*Asks:* 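Supplied in C-alpha cells, the structure appears directly below.
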Amino acid sequence: MGQRSIIEPFRIKSVEPIRMTTREERERFLEHAGYNPFLLRADDVLIDLLTDSGTAAMSAEQWASIMRGDESYAGARSFYRLRGVVEEIFGFRYVLPTHQGRAAERILFSTMCKPGDVVPNNTHFDTTRANIEFLGARAVDLPIPQGRRPSEIHPFKGNMDVDALERLIVEVGAEHVPLVMLTVTNNSGGGQPVSMANIRDVRAICGRHRIPLYIDACRFAENCWFIREREDGYGSKTPREIARELFSLADGCTMSAKKDGLVNIGGFLASNDETLVRQESRLLILTEGFPTYGGLAGRDLEAMATGFEEVLQEDYLAYRIASTAYLGRRLTEIGVPIVQPPGGHAIYVDAAAMLSHLPARLFPGQALVAQLYLEGGIRAVEIGTVMFGSTDTETGEERAAEMELVRLAIPRRVYTQSHIDYVCEVVGDVFAQRDRIAGLRMVWQAPPLRHFTARFESVCAPSSPNDLSND
Ligand code: F0G
C-alpha cells in the first residue's frame, strides 16, 4: 500500500474569505507600501506567509476556554490554570504572563543584563537582539558552522557551537555573561531544531561557569517533534516527555505563545528563581500589569493554557511538520534553492543563490518578497540585509547580513494543502523569471528594527554582475 496523503487533522467550522486582487492593483499597493510587505494592508494579501506569529486558527476548545476566562483583576482562576499547565509542561515554578514574547525578553534582560555584558545565543531573533542591545549589552550568535550554510543538510542545524561558547566565556569572563540563551527552533537560522544532546552540552558549560541557561521557547513543540524523529533514544517518547526533559536542563524560559501557544496574543517568562521573579514582577507591574494577568485578559490566559495542551498532540505535530516538509520538497523539485532540510514553521528561500545577479546592497531578499506579492498576492518576509544589516552613517555603505533569506512562514491550522500548492505554483513562476528581477534601493529607514518601516524603490535590473552603476 502506498503512502497516503497528509491530511489536516481537523475540519473547518468557521471560514474567513480571502481576496484575489489584480496585478495592476498589486503594483499600486506595493508601490504605496514602499515595497515593504509590513506596510501592505492584510486585506490586499491573498496568502499571508509574513509570519506564523499570532496568526494561528484557534480550536473549538480554545474558543470555549475564552468563555471560561476569569476577568478578575487579581488572582484570577485563569492565571492558576495557566500556571498549572506551564508547571506541568515546562516544569518551572514561577510564571509571569506577558502580552507577548518581547515583553518577557525586555523584563528578563532589564533584570539580568548591564552595559558591557555579553549574551550568547544560537541565533538571536531580531527583537531579542534589539532588547539586549538597547540595554548596552552585546548579543552574540554562535550557531554551528553548518547552520550558516543554507544548502547543507544536518539534522540539528539549530545547534549552538559549544566550543565557540566556551571560548567566548573565557575571553570575556563569566562575570560578563549574565545568561546564555538557546532559541528552539532557531528561527533566524532557518527554523532549524536544536538537539537534546546540544542542550545538555550547553547546560554543562553553563553549569561549570555558573551561568544560567534560558530557552527562547517560541517553537518548543516543533523542536521536540524533530528530537523525537531524529535523535537516538527519543523515538518512543511523547512530545510532552521530551519537552519536560528539554526544559529540565534550563533555568528559565521566555515564551511567545503566539507561535506554539496557538493563540493570537500572549506570552510568559518563567523560572525557578524566587528572588529574580520578585525583581521581574516589579517591572511587570510597571508596564504590563499585575503579575496574575501581565497585560492579558483572563480569556487570553485560558486560550493559551488550552493551546499548550493542543500543540503537543502527536497528530497535530505530525501534520504540521509534514506539511512544511511538503512545501520544501516541492520547491526543491522545481529547483528553488532553500535552506535544507526544511524547518518546522517555515521554508526559507535562499535569495542570494536564487537572485545571484543582485548584490546584498540591492536587497535580493526584499526584491524576491516584492515579486512574490506581485506575481500571486503572497506576502513573505525578508530575513537578510534589510533585517540584520545596517547602513554606515558616514560612508552610506551597506553592511550585509550573513545570509539573504526569504521566509515563507506557515500560520498554524490556517491554510489547506491546496493553498500550499498555489504557493508552490507562484514561487515556481517567479523562479522561472528570476534573472529579470530588479533590485531595490532603500530610500528611508529608522533603526533599530528598520525592516518594519523601511521604504524602497525599484532599480533597473543590472545587465551583468559587473554593471551595478545604476544605483
Ligand atoms: N523569539 C523568537 C525566536 C521569535 O521568533 C519571536 C517572534 C520572538 C522571540 C518575539 O516574540 O513577537 O511575541 O514578541 N517572532 C515573530 C516572527 C515576530 O515573525 O518570527 P513576540
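Read the numbers this way: they start at 1 and go in the same order the structure lists the ligands and their atoms. Only heavy atoms go into these numbers, but all of them, side chains included; no hydrogens, no water, no symmetry mates. Just so we're clear, the structure is a prediction, and the values are computed from it rather than from any experiment.
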*Asks:* Show your working on side-chain hydrogen bond (donor to acceptor under 3.5 Å, both in side chains) between His209 and Glu166 and close with a plain yes or no.
*Replies:* CA-CA 9 Å; His209 294 282; Glu166 181 78 56; 2.8 Å; yes

*Asks:* Excluding sequence neighbours, so at least two apart, what forms side chain to side chain donor-acceptor pair (under 3.5 Å) with Glu152?
*Replies:* Arg149

*Asks:* Angle between ring planes, Phe90 versus Phe220, binned at 30° and 60°: parallel, tilted or perpendicular?
*Replies:* tilted

*Asks:* Is it true that Glu133 and Arg138 have a side-chain N and a carboxylate O under 4.0 angstrom from each other?
*Replies:* no

*Asks:* Pairs of nitrogen or oxygen atoms, one from ligand 1 and one from the protein, closer than 3.5 Å: please tabulate them with distances.
*Replies:*
from	atom 1	to	atom 2	distance (Å)
ligand 1	1 (N)	Asp216	OD1	3.3
ligand 1	1 (N)	Asp216	OD2	2.7
ligand 1	5 (O)	Asn187	ND2	2.8
ligand 1	5 (O)	Arg219	NH1	2.9
ligand 1	11 (O)	Lys259	NZ	3.3
ligand 1	12 (O)	Gln100	NE2	3.3
ligand 1	12 (O)	Arg102	NH2	2.9
ligand 1	12 (O)	Lys259	NZ	3.4
ligand 1	13 (O)	Gly101	N	2.8
ligand 1	13 (O)	Ser256	OG	2.6
ligand 1	14 (O)	Gln100	NE2	2.9
ligand 1	14 (O)	Gly101	N	3.3
ligand 1	14 (O)	Arg102	N	2.8
ligand 1	14 (O)	Arg102	NE	2.7
ligand 1	15 (N)	Lys259	NZ	3.0
ligand 1	19 (O)	Thr51	OG1	2.7
ligand 1	19 (O)	Arg407	NH2	2.7
ligand 1	20 (O)	Asn187	ND2	2.9
ligand 1	20 (O)	Arg219	NH2	3.3
ligand 1	20 (O)	Arg407	NH1	2.8
ligand 1	20 (O)	Arg407	NH2	3.4

*Asks:* Indicate yes or no: does Arg379 engage Asp48 in a salt bridge with an N to O separation below 4.0 Å.
*Replies:* yes

*Asks:* Assign the ring pair Phe38 / Phe452 to parallel, tilted or perpendicular, where the plane angle (0 to 90°) is split at 30° and 60°.
*Replies:* perpendicular

